[in-house]
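Below is one structure, written out as structure tokens, with a few remarks after it.
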Amino acid sequence: MSDTPSSESAAKQKPAHFIQNIIKRDLDEGKVTSIVTRFPPEPNGYLHIGHAKSICLNFGLAKDFGGQCNLRFDDTNPEKESDEYVESIKRDVSWLGFQWQGDIRFTSDYFDTLYSWALELIRVGKAYVCDLTPEQAREYRGTLTEPGRNSPTRDRSVEENLTLFEKMRAGEFDEGRCSLRAKIDMASPNINMRDPVIYRIKKVRHHHTGDKWCVYPSYDFAHGQSDAIEGVTHSICTLEFEDHRPLYEWFIANLSVPATPKQYEFARLNLNYTVTSKRKLRQLVDDGHVDGWDDPRMPTISGMRRRGFTPASLRNFCERIGVTRADSVVDVGMLEYCVRDDLDKNAPRAMCVLRPLKVTLTNYPEDRREEFVAPGHPNRDDLGERRLSFGPSLYIDREDFREEANKKYKRLVIGKRVRLRNAYVIEADECIKDDGGQIIEVKARVIDNTIGQDPEDGIKPKGVIHWVSAHDHLACDVRLYDRLFTEESPGSGGKDFLESINPDSLEVLTGCMAEPSLANAAAEFAYQFEREGYFCLDEKYSKSGKPVFNRTIGLRDSWAKIAD
RNA sequence: UGGGGCGUAGCCAAGCGGUAAGGCAGCGGGUUUUGAUCCCGUCAUGCGAAGGUUCGAAUCCUUCCGCCCCAGCCA
């Protein structure tokens, strides 16, 4: 019996955003009978959190409205593109949980059609071969406040243009020698309409078409027409393309395209303490500030995957931040919340001591061993249970012991008691220091009959700490990550963004000790190390028998505020 | 200083003439063998500003202010 009335769930539903409203209206009015969207990355780098927003939007819309979403590589500039990027993008989209409709598309698959459309434009006198060099073209274009001037070759005959363009295609001209331009309006207040270049010469091998072409269509000439070829109904891009929309529409109106897609723009994602420009991410990689595109500190999809972020958490994040036309900077804390939210619900629990401190139980027989059973998750029986072996010698975290402390400190203190998670309550008697005054061991006593119950004398411990036994644990390393930048907006105020790199964004802990069950950890599988945070195996640095764990994200820590 | 956009809490974001949803963060409290989770409460007499229209304005009008994008043969 379902007791969730649809009205109640409807009341809790997130309100539709402006693009969903546009689609609803188009469907209602019969402008389209079903929708087609597309995610169109250029394969010139790795995908990042900003792309995740676009992916979730485009694939999400198709799902919500029963339409389809294509994956199309917008590969019109062979100089920057490669198969390595194509492969990583395919992997990232799939990993995020989306499946594109049909085969993967490449804009380069449409080069023949695009070329014929260029000829079509020439034949109706709406495109011409321009002999201006790139530098001259810039001068002729005018400025933001001054109109441009017509190219000296703007009025060539159709025949001459056809001949010249064919020669361009045949490789008879050097790069930059000439270009094909749309004949629109050199005085337009919109600079994109001042006779934009639609074909340029690039004698570069293309990752997908090889050496077939030496002229390549520009983004503006390729994008809308490719949308039309695929039957895309709603072509969604970011705000900076807004000024290109009149041009997008001009091509659709002036060419014999099979459909009339419409372009809509939304605000790209910005996150504080993060950079999301391809140029900057590339620089972090190339200059060696990080371990590669998939460094766990990177906001790339591959970096976040290695870090231990889950597809569901990223999708949830994209859902929560909304889709609008207002420039905004989302607090990275929102992302962290989504990651914790998903991991808390799904990650099995385990104990791992990050900074070991030896504890000897003086009243526990030296040769005695016990086994305790602990739940895999405090409120999910389906996650099973694990076995913990207990003995007279243990390790706890250095942070969890103090010789003396005030009442706010709820961990182990001399003369006080603490609960060992899933095991006994113990009481500390003394600690031993080395010559440098460093505490190297704690002597403590087990309080009898405290498994699953409070001490019989009524003196209850205030806190609970995690532990591993000395005789049975797994040695491991742990890599702790902090935000990559120390400033909310790296590189703002004319500074170089590299100046605000956080020198402490990576802390490698060696000699950590985990409970034995962690020996079976697999990459991309999250655990909660109780009281520490969420962790997953790092595939790159782990070796058999010596795992390395990445801290995906720490637990929320209200003690940190009290401790200050 | 041309053109195109955008301004609702610390952050994100609903709202579309009927008297400011929700989430994150924060703060206070409760439960707890994780200082976690969970639960409860609290958080905009005001929507960039000033005028105007109206019984009534975040929503309509006017003016002003601020921020973002555009002068690649990049996307």
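In this text the structure is predicted, and so the values were computed from the model without any measurement. Side chains included, hydrogens not; waters and symmetry mates left out as well; all remaining heavy atoms used. Below, chain A is the first sequence line, B the second, and so on; all start at residue 1.
A close approach under 4.0 Å does occur between a side-chain nitrogen or oxygen of A:Arg141 and OP1 or OP2 of B:C73. Distances shorter than 4.0 Å separate none of the side-chain N or O atoms of A:Arg194 from OP1 or OP2 on B:A71. Within the 4.0 Å cut-off from OP1 or OP2 of B:A75, at least one side-chain nitrogen or oxygen of A:Thr76 is found. For B:C6, the OP1/OP2 oxygens have a side-chain nitrogen or oxygen of A:Arg325 closer than 4.0 Å. The phosphate of B:C74 (OP1 or OP2) has a side-chain N or O of A:Arg200 nearer than 4.0 angstrom. Between A:Tyr219 and B:C74, a side-chain N or O to OP1/OP2 separation shorter than 4.0 Å is absent.
Contact annotation for A:Leu144: base contact, defined as any heavy-atom pair under 4.0 Å involving a base atom. Backbone-only contact: A:Lys202 has heavy atoms under 4.0 Å from sugar-phosphate atoms and none from a base. Within the 4.0 angstrom heavy-atom criterion, only backbone atoms of the sugar-phosphate kind lie near A:Thr324; the bases stay farther away. Across all strands shown, A:Thr143 has heavy atoms under 4.0 Å from base atoms, whether or not it also approaches the sugar-phosphate. Base contact: A:Pro378 has a heavy atom under 4.0 Å from a base atom. Base contact: A:His244 has a heavy atom under 4.0 Å from a base atom.
In the interface, the side chain of A:Glu532 is not paired with the base of B:U34 through any donor and acceptor atom under 3.5 Å apart. Within 3.5 Å, a donor on the side chain of A:Arg419 pairs with an acceptor on the base of B:U33, or the reverse. Scanning atom types as modelled, one donor and one acceptor separated by under 3.5 angstrom connect the side chain of A:Arg349 and the base of B:U34. Contact of A:Asp243 with B:G3 (side chain to base): a donor-acceptor pair of N or O atoms is detected under 3.5 Å. Side-chain N/O atoms of A:Arg411 and base N/O atoms of B:G35 include a donor-acceptor pair closer than 3.5 Å.
Here the P atom of nucleotide B:C12 and the CG atom of A:Asn316 are 18 Å apart, to the nearest Å. B:A25 atom P lies 13 Å from atom CZ of A:Phe317, rounded to whole Å. Counting to the nearest Å, the C1' atom of B:G26 and the NZ atom of A:Lys561 are 8 Å from each other. Between A:Tyr216 atom OH and B:G72 atom C1' there is a gap of 18 Å when expressed in whole angstrom units. For the pair A:Tyr264 OH and B:C6 C1', the computed distance is 20 Å after rounding to whole Å. Atom OH of A:Tyr46 is separated from atom P of B:A75 by 21 Å (rounded to the nearest Å). In this structure, the CD atom of A:Glu42 is 13 Å from the C1' atom of B:G72, given to the nearest Å.
Minimum atom distance to the side chain of A:Asp344 is reached by B:U37, of the listed B:U37, B:C74, B:G35. Side chain of A:Pro189, nearest nucleotide from B:G35, B:U34, B:G2: B:G2. Among B:G72, B:C74, B:U33, the nucleotide with an atom closest to any side-chain atom of A:Arg421 is B:U33. Out of B:A75, B:G72, B:G35, the shortest distance to the side chain of A:Ser218 is found at B:A75. Among B:U34, B:C74, B:C68, the nucleotide with an atom closest to any side-chain atom of A:Gln528 is B:U34. Minimum atom distance to the side chain of A:Asp557 is reached by B:G35, of the listed B:G5, B:G35, B:A75. If you check B:C74, B:C70, B:U34 against the side chain of A:Leu555, the one that comes closest is B:U34. Candidate nucleotides B:C24, B:C73, B:U34 were compared by shortest atom distance to the side chain of A:Met334, and B:C24 ranks first. Distance from the side chain of A:Ile191 is smallest to B:A71 among B:A71, B:A75, B:A14. For A:Arg320, whose side chain is taken as the heavy atoms from C-beta onward, the closest listed nucleotide among B:C24, B:G2, B:U34 is B:C24.
An aromatic stack links A:Trp559 and the base of B:G35, using centre distance under 5.5 Å and interplanar angle under 30°.
Salt-bridge annotation for A:Lys345 and A:Asp341: present, with a side-chain N of the basic residue lying under 4.0 Å from a carboxylate O of the acidic one. Note on A:Arg411 versus A:Glu399: no salt bridge recorded, every NZ/NE/NH1/NH2 to OD/OE distance being 4.0 Å or above. A salt bridge is absent between A:Glu42 and A:Lys80; no separation between the charged side-chain nitrogens and carboxylate oxygens falls under 4.0 Å. No salt bridge links A:Arg531 with A:Asp397; every basic N to acidic carboxylate O contact stays at or beyond 4.0 Å. A salt bridge links A:Arg386 to A:Glu515: at least one charged side-chain nitrogen sits closer than 4.0 Å to a carboxylate oxygen.
A:Asp131 and A:Thr153 form no side-chain donor-acceptor contact under 3.5 Å, judged by distance and modelled atom types alone.
Nucleotides B:G15 and B:G56 have their P atoms positioned 26 Å apart, rounded to a whole Å. Comparing the C1' positions of B:G23 and B:U32 gives an interatomic distance of 25 Å, to the nearest angstrom. Atom C1' of B:C12 sits at a distance of 15 Å from the matching atom of B:C6, rounded to the whole Å. For the C1' atoms, the distance from B:C61 to B:G26 is 39 Å, rounded to whole Å. If you take atom P in B:A75 and the same atom in B:U63, they sit 40 Å apart, rounded to whole Å.
Aromatic ring centres of A:Tyr248 and A:Phe241 lie farther apart than the 6.0 Å criterion allows.
Here the OG1-CG distance, from A:Thr37 to A:Asp64, works out to 10.0 Å after rounding to the nearest 0.5 Å.
Base orientation of B:G72: syn, since the glycosidic angle falls within 90° of 0.
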